[in-house]
Amino acid sequence: MTAVTIPGVDQAPTTHQRLLAWVREVAELTVPDQVVWVDGSEEEWTRLTDKLVEAGTFTRLDKKPNSFYAASDPNDVARVEERTYICSQDEADCGPTNNWMDPAEMKAVMTELYRGSMRGRTMYVIPFCMGPLDAENPMLGVEITDSEYVVVSMKIMTRMGTKALNRFVDADGTERDFVPALHSIGAPLEDGQADVAWPCSDTKYIVHFPEERLIWSFGSGYGGNALLGKKCYSLRIASVMGRDEGWLAEHMLILKLTSPENKVYFVAAAFPSACGKTNLAMLDPTIPGWKVETIGDDIAWMRFGKDGRIYAVNPENGFFGVAPGTDFHTNPNAMKTIAKGNSLFTNVALTDDGDIWWEGIGDAPEHLTSWKKQDWTPESTEKAAHPNSRYCTPIEQCDTKAPEWDDPNGVPISAIFFGGRRATTIPLVTESRSWQHGTFMGATLSSETTAAAVGQVGVVRRDPMAMLPFIGYHAGDYFKHWIETGKSADATKLPKIFYVNWFRRGDEKQFLWPGFGENSRVLKWAIERIEGKAAAVETPIGYVPTIDDLDLEGVEGDRADIEAALKVDVDEWKAELPLIEEWFDKIGDKLPTPLRDEFEALKQRLG
Ligand code: GDP
Ligand code: PGA
Ligand code: MN
């Protein structure tokens, strides 16, 4: 055996043999200067944020305590769906919405990329836990990374460090399973070579090996590509675990709703990236007497409880929210959360007095430093903040977090919302007829693309259950899993499924629905439908409220616009049918028959 000379590799604060062996193997491949086992302490945070300030990656904010501004490489600002792979052993377990490569072939390619990729850098070993630490079966992972930015971001977004590592080996010595997640920015430093503020590589790979529950990411430092507990583990890998074990890993916020009669309901909602999850999760209701508290803003893990209801857990520990458009009107709770500090801001603009700024936060000052680190004035033609700029902040300091947010049993879900960003066709809210019909709504969900992923913005595409970029296996099998989940349950205990659209537009391109806090009116209607109290009309697409069925007292919107937002336009829906047909053809033989039946029934009803 060759003697390992990499300092730190043997200073492991664990006896977990599989973890020790993997860390050593990665260190020998990537050849970092040293290995550091991350403990998650405040001292460590201070040491790493100081280092990031010194490296020019971070600028300390004078106006927000313990908070930092970062500007990424202009080519590393969003998820890279074209470079994201599901490397299942059998190609038939992937596709048609995922990229696939043979796992052995992919490993051969990436092993060469990782060889020496951490030269001149520190390799950090981050033990983490998705979901509550005191869960009976804690969902463990370890991210190895050569990015300090990733380490401090993971401290906000996950339960990590010593407190997570403590759960790797039980008192009786049993070693628990964990998801190994390897990340390298792919920017080794030769002796004497100066570093840049945001090192990354032009070659990017975000790769999942579903059978091995293994993640390999290379070349990017951006959140969705590099914080591997989030989309990679909690959606792509977890969706495969859910398929195998009978539960659901979904791209959903979770909120707690309390009615004026003090009845409590929990709602989960799936919207594609940058389509309103974080805003709805932190909503400040405009209708008196209703209260919303936050459980999660991005991901829900849903399992059947002993009582036959579906219970949801938020696996995350922080919010990674879209900054532009966030202000005291649209999302006051996010503003209050970040005002407390302890937050990271990436690709926003920086004010001259050391605060952050973005489009939609209020009047622009005379001068800013843009996300591209250039001078910016109100006359500038470019945006000061990147449209996918993000704040990263702990849930712990959100005043409206629900007490249940850290409950390992999760919360019982009464309603599931699917929603997208559509300028036409999709009404403000539609109630499904059944779980199967709701699954059809989810499976045919469509949305305009946003800046959250690299590529053209504003193009309508199918985004099933808002999971298009996140399903870790074949989309047809995923639909089957949804149908079977419904069949396995007592129908009276299943959540009711609704389809919403906050983004329908009028003749002047204006949003027809005021959105944000006003969305509480839609939540109220949905709950009152569950209680059997609210009215609706039956339409070809499902049950839709008339304008009188919604509580609109004091609403901020125009009545004619709201009527238009609620409209079921048969011609628009007929134009939608070929798009659904094309989508189902793409799914192919694996499309479950019940969804084909739902489609035929919809065609019939539209005439
Ligand atoms: P997420 O990525 O799904 O969490 O989306 P966010 O909640 O961060 O919202 C993405 C963008 O949509 C932001 O610019 C928001 O201001 C905007 N947005 C969110 N909710 C609404 C709404 O109800 N109406 C309108 N018009 N815009 C919204
Ligand atoms: P989100 O995704 O837009 O759904 O918050 C974050 C990401 O880009 O991975
Ligand atoms: Mn979000």
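All figures in this text were calculated on a predicted structure; none of them were measured in a lab. Read the numbers this way: they start at 1 and go in the same order the structure lists the ligands and their atoms.
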- Taking both backbone and side-chain atoms of G276, is any N or O found less than 3.5 Å from an N or O belonging to ligand 1? yes
- Query: Quick check: does D297 get an N/O under 3.5 Å from an N/O on ligand 1?
  - Reply: no
- Which of the atoms in ligand 1, numbered in the order shown and given with their element, are less than 4.0 Å from a heavy-atom of V322? 2 (O), 8 (O)
- Query: Under the 3.5 angstrom rule, does the side chain of K230 hit a backbone N or O of G224 as a donor-acceptor pair?
  - Reply: no
- Message: ring pair (Phe, Tyr, Trp, His ring centres under 6.0 Å) for F498 and F417? Distances and angles first, verdict last.
- Response: CA-CA 5 Å; F498 298 83; F417 283 24; 5.5 Å; yes
- Out of curiosity, D406 CG to L133 CG, how far, rounded to the nearest 0.5 Å? 7.5 Å
- Query: Within the structure, does A274 bring an N/O atom to less than 3.5 angstrom of an N/O atom in ligand 1?
  - Reply: yes
- Numbered atoms of ligand 1 (with element) below 4.0 Å of P272, judged on heavy atoms: 3 (O)
- Just let me know how N519 lines up against ligand 1, side chain, backbone, both or neither, with a heavy-atom cut-off below 4.0 Å. side chain
- Could you verify whether a donor N or O on one side chain and an acceptor N or O on the other, from W502 and E518, lie under 3.5 Å apart? no
- Across all chains, not counting sequence neighbours, the side chain to side chain donor-acceptor pair (under 3.5 Å) partners of S259 are E261
- Non-hydrogen side-chain atoms of W482 and L248 separated by less than 4.5 Å: yes
- Query: Taking both backbone and side chain into account, is any N, O or S atom of T278 nearer than 2.8 Å to the Mn ion (ligand 3)?
  - Reply: yes
- Atoms of ligand 1 less than 4.0 Å from G325 heavy atoms? 16 (O)
- Provide the number and element of each atom of ligand 1 under 4.0 Å from a heavy atom of N279. 6 (P), 7 (O), 8 (O), 9 (O), 15 (C), 19 (C), 20 (N)
- Message: Take a 6.0 Å sphere around NZ of K263 and say whether it holds more than 12 heavy atoms from other residues, nucleotides or ligands.
- Response: no
- Query: Counting both backbone and side chain atoms, is some N or O of L280 under 3.5 Å from an N or O of ligand 1?
  - Reply: no
- Task: To the nearest 0.5 angstrom, please state how far the OH atom of Y85 sits from the CG atom of N99.
- Result: 5.5 Å
- May I ask you to list the atoms of ligand 1 that are less than 4.0 angstrom from any heavy atom of F511? 26 (N)
- Side chain, backbone, both or neither: which part of F503 comes within less than 4.0 Å of ligand 1 when only heavy atoms are counted? side chain
- Query: How far apart are the C-alpha atoms of K231 and S273, what are their side-chain angles, what is the distance that settles it, and do they pass the side chain to side chain contact (heavy atoms under 4.5 Å, CB included) test?
  - Reply: CA-CA 11 Å; K231 307 292 189 183; S273 293; 4.2 Å; yes
- Query: Judging by distance only, is a nitrogen or oxygen of R421 under 3.5 angstrom from one on ligand 1?
  - Reply: yes
- Using a 4.0 Å heavy-atom cut-off, say whether P324 meets ligand 1 through its side chain, its backbone, both or neither. backbone
